[in-house]
Amino acid sequence: MSIEIPAGLTDLLKGYTVEVLRSRPPDLVEFAIQYFSRLRESNTFRPISRSPDPTLTERKAVSFEEDAQPSGLSADEEDDAFSEELHFKPPPPKFTRRVSVCAEAYNPDDDVDDENEPRIVHSKTDEQRHRLQEACKDILLFKTLELEQFSEVLDAMFEVLVKPEEHIIDQGKDGDNFYVIERGVYDILVQKDGVSICVGKYDNKGSFGELALMYNTPRAATIIAKQQGALWALDRATFHRLIVKANAKKRKMYEVFVESVPLLKSLELSERMKIVDVPFLMLLC
Ligand SMILES: Nc1ncnc2c1ncn2[C@@H]1O[C@@H]2COP(=O)(O)O[C@H]2[C@H]1O
């Protein structure tokens with residue numbers, strides 16, 4: 001019996017995988033429900049299926065949701081939704097966001113040059129630096145950094161000791177720091193219809209607090225320490241200068257490269273962006 005992979009399945013799962021790697025949700029099933037619901041609602045695969053090219057059978061097959069559920073968006077809005085999907089993007093809008101927030105893909109060219117801003121350095125003992133390095137070695141967001149940038153990040157981080165039941169982050173507040181866990185257990189709570197629900201926990205490793213800093217949005221969850229613990233914090237400005245900017249610049253580099261390949265010129269923008277995401281993702285892995 002030969003097994004045939006349904007057309008479009010690979011693309012569909014690749015998109016989901018990309019979002020998982022970016023958002024690192026604690027609950028993959030819940031995240032999948034949100035991701036695929038959002039996909040159906042926003043019809044983000046529409047630009048692909050719109051192609052009249054009959055040779056693009058695989059891409060057409062991905063559009064089955066579109067036919068069943070018109071999105072109500074204009075073609076331009078849908079293009080935007082699709083290309084944003086492939087840039088850094090916060091999780092689906094299940095949280096109440098302030099009206100004034102900015103959750104667009106970050107473009108490093110639009111930003112003022114902050115290279116001359118004073119560097120923040122929090123002095124550490126050798127022992128502290130060693131613990132910090134251990135805590136940071138598997139942090140995904142740091143993986144794309146050059147050695148020099150990584151060292152700057154470590155310099156800027158400072159230790160935060162926490163007590164049981166201490167609120168590290170409160171949903172809806174502005175973001176101040178990004179946190180890396182050295183030790184301790186932390187509950188993740190999200191408000192839904194006025195009720196706070198524990199959607200997961202961090203257990204002695206990982207990081208949190210990047211979303212508000214990356215997308216300039218209010219905090220998307222509340223984080224509460226369940227026992228005494230230790231965190232390493234990175235201030236907003238340094239996080240932006242070294243992490244957000246560096247990642248965006250790297251991605252931009254791939255974009256420029258992909259744009260310059262004649263063979264790829266006939267592809268739609270959304271398709272070229274997909275190609276950009278492959279090496280970018282590999283860097284993160
Ligand atoms: N399901 C979740 N929804 C929102 N935020 C989450 C979730 N799980 C973990 N978090 C983290 O909780 C953090 C709360 O502050 P931020 O929104 O800055 O960034 C958020 C994520 O790092």
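As the structure lists them, so they are numbered: ligands from 1, and atoms in each ligand from 1. For clarity, every value in this text was computed on a predicted model and none was experimentally measured.
- Among Ala221, Ser207, Ala220, the residue whose heavy atom sits closest to atom 17 (O) of ligand 1 is Ala220.
- Taking every non-hydrogen atom of Phe208 and a distance limit under 4.0 Å, the qualifying atoms of ligand 1 come out as 22 (O).
- Against a heavy-atom cut-off of under 4.0 Å, Pro26 is close to the following atoms of ligand 1: 8 (N).
- Within the listing of ligand 1, atoms 9 (C), 10 (N), 11 (C) sit less than 4.0 angstrom from a heavy atom of Tyr202.
- The heavy-atom pair separating Ile188 from Ala221 by the smallest distance is CG2-CB, 3.9 Å.
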What donor-acceptor contacts under 3.5 angstrom involve side-chain atoms of residues 203-213, with partners at least two apart or in another chain?
| residue | atom | partner | partner atom | Å |
| --- | --- | --- | --- | --- |
| Asn204 | OD1 | Gly184 | N | 2.7 |
| Ser207 | OG | Arg24 | NH1 | 3.2 |

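- Of the possible donor and acceptor atoms, none in the side chain of Glu152 sits under 3.5 Å from a partner among the backbone N and O of Leu242.
- Using a 4.0 Å cut-off to heavy atoms of Val199, the atoms of ligand 1 that qualify are 1 (N).
- Listed for the Arg236 side chain is a donor-acceptor partner under 3.5 Å among the backbone atoms of Gly175.
- Counting the atoms of ligand 1 from 1 in the order shown, those under 4.0 Å from a heavy atom of Glu210 are 18 (O), 19 (O), 21 (C), 22 (O).
- Although no hydrogens or angles enter the test, the distance criterion places no donor-acceptor pair under 3.5 Å between the side chain of Asn177 and the main chain of Tyr179.
- Close approach to Ile188 involves these atoms of ligand 1, each under 4.0 Å from a residue heavy atom: 7 (C), 8 (N), 9 (C).
- Geometrically, ligand 1 and Ile169 share no nitrogen or oxygen pair separated by less than 3.5 Å.
- The closest donor-acceptor contact from the side chain of Asp193 to the backbone of Val195 lies at 3.5 Å or more, if one exists at all.
- Side-chain N or O atoms of Lys124 include none that pairs as donor or acceptor with a backbone N or O of Glu159 at under 3.5 Å.
- The aromatic rings of Phe178 and Phe239 sit tilted, their planes meeting at an angle between 30° and 60°.
- Residue Ile223 has at least one heavy-atom neighbour below 4.0 Å for each of these atoms of ligand 1: 12 (O).
- The distance from ligand 1 to the heavy atoms of Ala212 drops below 4.0 Å at these ligand atoms: 16 (P), 17 (O), 18 (O).
- Residue contact check for ligand 1: Gly200 places no non-hydrogen atom closer than 4.0 Å to it.
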